[in-house]
Amino acid sequence: MEDQIKINLNGSIFFIKKGTHLSEILSEAQLSDKPILFRSEGQLLDLSYPADRDLEISPVYAGDPAALEVLRHSAAHLLAHAVTDLFPGVQVGIGPAIENGFFYDFLRDTPFTPEDLEAIEKRMREIVSLNQPIKRLVLSKEEAIKIFRERGQTLKIELIEEKGGDQVSCYQQGDFIDFCLGPHLPSTGYIQHFKLLSVSGAYWKGDERGPQLQRIYGTAFFSQKDLDDYLNFLEEAKKRDHRRLGQDLDLYGTSEDLGAGLVIWHPRGAIIRHLIESFWKEEHLKDGYDFIYSPHIAKLDLWKRSGHTEFYDAMFPALDFEGFKYQLKPMNCPFHIIAYKSRQRSYRELPLRWAELGTVYRYERSGVLHGLCRVRGFTQDDAHIFCRGDQLEEEIKRVIRLAIKLLGAFGFKEYGVYLATRPEKYVGRLEDWNRAEKALEEALKHSGLPYQIDEGEGVFYGPKIDIKIKDAIGRLWQCTTVQLDFNLAERFDLTYVGEDGNFHRPFLIHRALLGSMERFFGVLIEHYKGNFPLWLAPVQMIFLPIADRHEACARELAEKFRAEGFRVQVDDSREKVNKKIREAETLKIPLMAIIGDKEVSSGKLSLRVHGQGDRGQFEVVELIARMKEIVNNKSLEIIL
RNA sequence: GCCAGCGUAGCUCAGCCGGUAGAGCAGCUGAUUUGUAAUCAGCGGGUCGGGGGUUCGAAUCCCUUCGCUGGCUCCA
């Protein structure tokens, strides 16, 4: 019985011969459906996993989220299989499952074209229809290297030599073999619902000095419906694209004449920014902040002292005049620090909370620029908090509370929260790090938000909390960041006089809640799909006179609403009312008032609500009251 | 910065195996005075991103530069 392995499948015991596949038990096991994988001690195993020891296993079916990753990984192999079939001589790199699908990297002289992608996808489907078994092979390192040498796959050999132990696992389907940990689906026939999406460049092992590979992206699901849903999601995301809507709604613009990554806020976008900033300022004042204004340039020496010239690689080149070098600011911190140091500080005046909508300039590499999300000139909703150690936790709690309050007002209710702790290379005292990390974590616990700890992922100068917001279609966007900074406190020798009459080093918290006005605006556009809530809508209400004779009445009414503080317009173009409605709907103006004979004589309004159609007649006074309520509550919907 | 792709009227796009630019919308003018998503007609508008080259001739081919897009890398 020595070569018998005991398999415990959900309590049922089976004995199989050592080295045979786990799937051997399936013929005897009474399972309602055939599993695609097994799970043992949290690890997924192939059906063809050779029984090498006694195991407790449970079946894994298609609905399992972990199985989806395996499906995609197998789909990546399928892709590489098809590519090596169609393009002999291509070197394969790596091909993992990723968040929304999978990719595979290839080394090939000529780039893949869209037609190539179609052909590859076709070949993939052929391989699927062959339903080739996907076999796990355990080989000696030498054997494996020999196999890949015969196939001319030198990148694979490099990987095996780097990662493989004495024994390496490979997976084979048909005549395609890949070095891979697995696990994989039982056969290619399981990969039914997939699609190749795009090609792009990628560096071998992510090193930009290394060879440039071609990466093919695709996605795969267990059902056609899931695949369709995902493709629809991509379509929906495209419709919400802030670059598209920014153009259509005339919110902002860019121009070759300005340069890459520089944005002009057009009036319709600028009014939204103004409203956001006013709200932001109000809430900061309520939360005990003071405001700061600082210039856009400062002597280069300031940035030398702060360490930015040394550590920060996104600075614009310095300007040179009157015998000094000046630097366009990439950050606001040094200015706030200079203000702090303008006189001696006492423990009594801490904490100091200084906020600034500070515009900074960063020389981002041209390839990373993206709409409003990644630009070269942007305004951070910045603040620096100088506090004592005993105030740290309370201050961080306040910051998180304020962040959630602000973000919540825009309708963001779900967050991804991350605490990044001390990395290997760091500055500052260990005890300060520990104290700060504890304060950050305590504040998170207190907030009740679920969070995740990114061990060792903090910046060299301090631990931090990042908060990402989930938008209307479930995407996460980085906004809030709360960072301790031991570097600047040290470099600028920040002090306060304590109760004991001695100098002490204050803690410096650097934080931005919305992140930057530009990125946040981009996220908002996509979150709302351009349908800004009434309090933010550039034009809240438009009056649409039916004929010339109704224009005077429309103007008079518009004036009434304007006097009440609403942003209103009159469409006096010589168009039919249908056309005017269409225009207003296209511009996503929340409220439309149609003014014709009936309204002129009754003094009432015929109201149409964007996305809701005709809502009938309203008394002016009542409507104004209701609109004020909606604006004051920052309601996302217009419910009349 | 790197790989790939793109850049034609204000906008969306057609034209691109070389023969010297077109549509819809927008704009302007006129007619129409109209009740909940496009009234009709006419007109104007482009050094085809910029520069250079090949050619008798370039929007079309080549080089270069700027900008944009998808990624890599990085990040608010």
Side-chain angles (χ1 to χ4, degrees), chain A residues 103 105 107-108 110-114 197-217 241 243-244 247-248 250 253-262 312-314 330-332 358-360 362-382 459 466 468 477-481 483 510-520 522-523 544-551 573-587 592-599 606-616:
Chain A
F103 69 75
D105 287 344
L107 183 60
R108 180 176 182 239
T110 42
F112 292 111
T113 63
L197 297 172
S198 62
V199 194
S200 80
Y203 299 106
W204 175 236
K205 294 188 203 156
D207 182 351
E208 58 186 299
R209 290 157 303 184
Q212 180 97 28
L213 309 178
Q214 291 183 61
R215 177 168 296 179
I216 297 178
Y217 283 91
D241 193 318
R243 296 164 301 185
R244 175 82 265 121
Q247 166 77 262
D248 291 349
D250 196 14
T254 57
S255 163
E256 260 184 71
D257 295 330
L258 301 181
L262 301 171
Y312 196 68
D313 59 358
M331 316 231 167
N332 303 301
T359 304
V360 297
R362 299 185 181 174
Y363 184 61
E364 302 289 354
R365 303 164 98 187
S366 59
V368 306
L369 301 172
H370 176 92
L372 288 173
C373 293
R374 198 73 187 278
V375 292
R376 284 180 172 163
F378 58 98
T379 301
Q380 293 180 306
D381 67 315
D382 213 351
V459 206
D466 284 331
K468 294 182 184 182
W477 303 87
Q478 163 79 56
C479 290
T480 304
T481 182
Q483 311 186 347
H510 169 106
R511 46 115 285 192
L513 305 184
L514 309 179
S516 80
M517 299 313 293
E518 284 74 8
R519 176 181 292 177
F520 190 70
V523 173
L544 311 176
I546 289 172
D548 294 8
R549 63 178 181 280
H550 309 123
E551 273 180 26
S573 64
R574 292 296 183 81
E575 298 287 352
K576 289 180 68 170
V577 73
N578 281 318
K579 177 68 175 292
K580 293 182 182 184
I581 288 170
R582 186 183 152 81
E583 293 271 293
E585 290 280 1
T586 311
L587 283 172
M592 290 153 273
I594 284 96
I595 310 297
D597 290 335
K598 276 188 276 179
E599 290 69 29
S606 280
L607 200 67
R608 187 186 162 94
V609 180
H610 175 67
Q612 298 180 19
D614 188 3
R615 297 300 309 275

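Below, chains carry the letters A, B, ... as their sequence lines are ordered, and counting in each starts from 1.
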Atom C1', compared across B:G57 and B:G19: separation rounded to whole Å:
7 Å
Given the C1' atoms of B:U60 and B:G24, what is the spacing between them in whole Å?
24 Å
Hey, which sits more toward the 5' end of RNA chain B by its nearest nucleotide, A:D548 or A:Q214?
A:Q214
Rounded to the nearest angstrom, tell me the gap between atom CG in A:L587 and atom C1' in B:C25.
14 Å
Checking base pairs now: Watson-Crick or wobble, both atom distances under 3.5 Å. What partners B:C56?
B:G19
For A:S606 and A:L372, find the nucleotide of RNA chain B closest to each by heavy atoms; which residue's nucleotide sits nearer the 5' end?
A:S606
In a check of side chain to side chain contact (heavy atoms under 4.5 Å, CB included) between A:R511 and each of A:T481, A:T480, A:D381, which one passes?
A:D381
Check: A:Q214 side chain, A:R108 main-chain N or O, donor-acceptor pair, under 3.5 Å:
yes
Is there a Watson-Crick or G-U wobble partner for B:G27 with both distances under 3.5 Å, and if so, which one is it?
B:C43
Please determine whether a side-chain nitrogen of the Lys or Arg among A:K205 and A:D207 lies less than 4.0 Å from a carboxylate oxygen of the Asp or Glu.
no
Paired to B:U36 by Watson-Crick or G-U wobble criteria (both distances under 3.5 Å) is none
CZ of A:F378 to CZ of A:R519: how many Å apart, nearest 0.5 Å?
8.0 Å
My understanding is that only residues two or more places apart in sequence, or in another chain, count here; which of them pass salt bridge (Lys or Arg N to Asp or Glu O under 4.0 Å) with A:R374?
A:E364
Enumerate the protein-to-nucleotides 37-46 of chain B contacts in which both atoms are nitrogen or oxygen and the separation is below 3.5 Å.
from	atom 1	to	atom 2	distance (Å)
B:A37	N7	A:R608	NH2	3.0
B:A37	N6	A:E585	OE1	3.3
B:A38	N9	A:R582	NE	3.4
B:A38	N7	A:R582	NE	3.1
B:A38	N7	A:R582	NH1	2.9
B:A38	N7	A:R582	NH2	3.2
B:A38	N6	A:R582	NH2	2.4
B:A38	N1	A:R582	NH2	3.4

Distance check, C1' atoms only: B:C17 and B:A4, in whole angstrom units.
23 Å
Checking all strands, does A:V375 fall into the base, sugar-phosphate, or nothing category for heavy-atom contacts under 4.0 angstrom?
base
Take atom C1' in B:U39 and the same atom in B:C25, then report the distance between them in whole Å.
16 Å
A:D597 has an atom CG; how far is it from atom P of B:U34, in whole Å?
8 Å
Atom CD of A:E583 and atom P of B:U36: how far apart are they, to the nearest Å?
17 Å
A:L607 side, atom CG; A:Q612 side, atom CD - distance, nearest 0.5 Å:
9.0 Å
Testing B:U12, B:A76, B:A4 for proximity to the side chain of A:F378, the answer is B:A76
Counterpart residues, ring pair (Phe, Tyr, Trp, His ring centres under 6.0 Å), relative to A:Y217 (two or more places apart):
A:F103
Euclidean distance, A:S606 OG relative to A:R615 CZ, rounded to 0.5 Å
12.5 Å
In whole angstroms, the gap separating P of B:U36 from CE of A:M592 amounts to 14 Å
Any strand counts, and the cut-off is 3.5 Å on both contacts for Watson-Crick or G-U wobble. Which nucleotide pairs with B:G5?
B:C68
Classify the nucleic acid contact of A:D382 as base, sugar-phosphate or nothing, counting any heavy atom under 4.0 Å across all strands shown.
nothing
Between protein and nucleic acid, restricted to nucleotides 69-74 of chain B and to nitrogen or oxygen atoms under 3.5 Å apart, what atom pairs and distances do you find?
from	atom 1	to	atom 2	distance (Å)
B:U69	OP1	A:R243	NH1	3.2
B:U69	OP1	A:G371	N	3.4
B:U69	O3'	A:R243	NH1	3.1
B:G70	OP1	A:R243	NH1	3.1
B:G70	OP1	A:R243	NH2	3.0
B:G70	OP2	A:R243	NH1	3.4
B:G70	OP2	A:H370	ND1	3.2
B:G71	O3'	A:Y217	OH	3.0
B:G71	O2'	A:S200	OG	2.4
B:G71	O2'	A:G201	O	3.4
B:G71	O2'	A:Y217	OH	3.3
B:G71	O6	A:G367	O	3.4
B:C72	O4'	A:G201	O	3.2
B:C72	O2'	A:Y203	N	3.2
B:C74	O2	A:R374	NH1	2.4
B:C74	O2	A:R374	NH2	2.5
B:C74	N3	A:R374	NH1	3.2

Suppose you measure atom P in B:A76 against the same atom in B:U8; what distance do you get, rounded to whole Å?
34 Å
Distance between C1' atoms of B:U34 and B:G70 (Å, rounded):
48 Å
May I ask you to say what A:Q483 touches in the nucleic acid, namely base, sugar-phosphate or nothing, with a heavy-atom cut-off under 4.0 Å?
nothing
Taking the C1' atom in each of B:G1 and B:C28, what is the distance between them to the nearest angstrom?
47 Å
Rounded distance in Å between the P positions of B:G44 and B:A23:
12 Å
Each nucleotide N or O in nucleotides 65-67 of chain B that has a protein N or O under 3.5 Å away: list the pair and distance.
from	atom 1	to	atom 2	distance (Å)
B:C66	O2	A:E256	OE1	3.4
B:G67	OP1	A:A260	N	3.4

According to salt bridge (Lys or Arg N to Asp or Glu O under 4.0 Å), who are the partners of A:D257, at least two apart in sequence or on a separate chain?
none
To the nearest 0.5 Å, tell me how far A:H510 NE2 sits from A:N332 CG.
7.5 Å
Rounded to the nearest 0.5 Å, how far does CZ of A:R549 lie from CD1 of A:I595?
13.0 Å
Tell me what A:R244 touches on the nucleic acid: a base, only sugar-phosphate, or nothing, going by heavy atoms under 4.0 Å.
sugar-phosphate
Measure NZ/A:K468 against C1'/B:C75 and give the value in whole Å, please.
11 Å
With a non-hydrogen cut-off below 4.0 angstrom, is A:K580 in contact with a base, only sugar-phosphate, or nothing?
nothing
CG (A:D466) and CD (A:Q478) are apart, to the nearest 0.5 Å, by 4.0 Å
Would you classify A:T254 as touching base, sugar-phosphate or nothing, given that sugar-phosphate means primed atoms plus P, OP1 and OP2, and contacts are heavy atoms under 4.0 Å?
nothing
Specify the separation, in whole Å, of atom CG of A:D248 and atom P of B:C11.
11 Å
Nearest whole Å is fine: how far is B:A4 P from A:L107 CG?
13 Å
Does A:Y312 have more than 12 heavy atoms from other residues, nucleotides or ligands lying within 6.0 Å of its OH?
yes
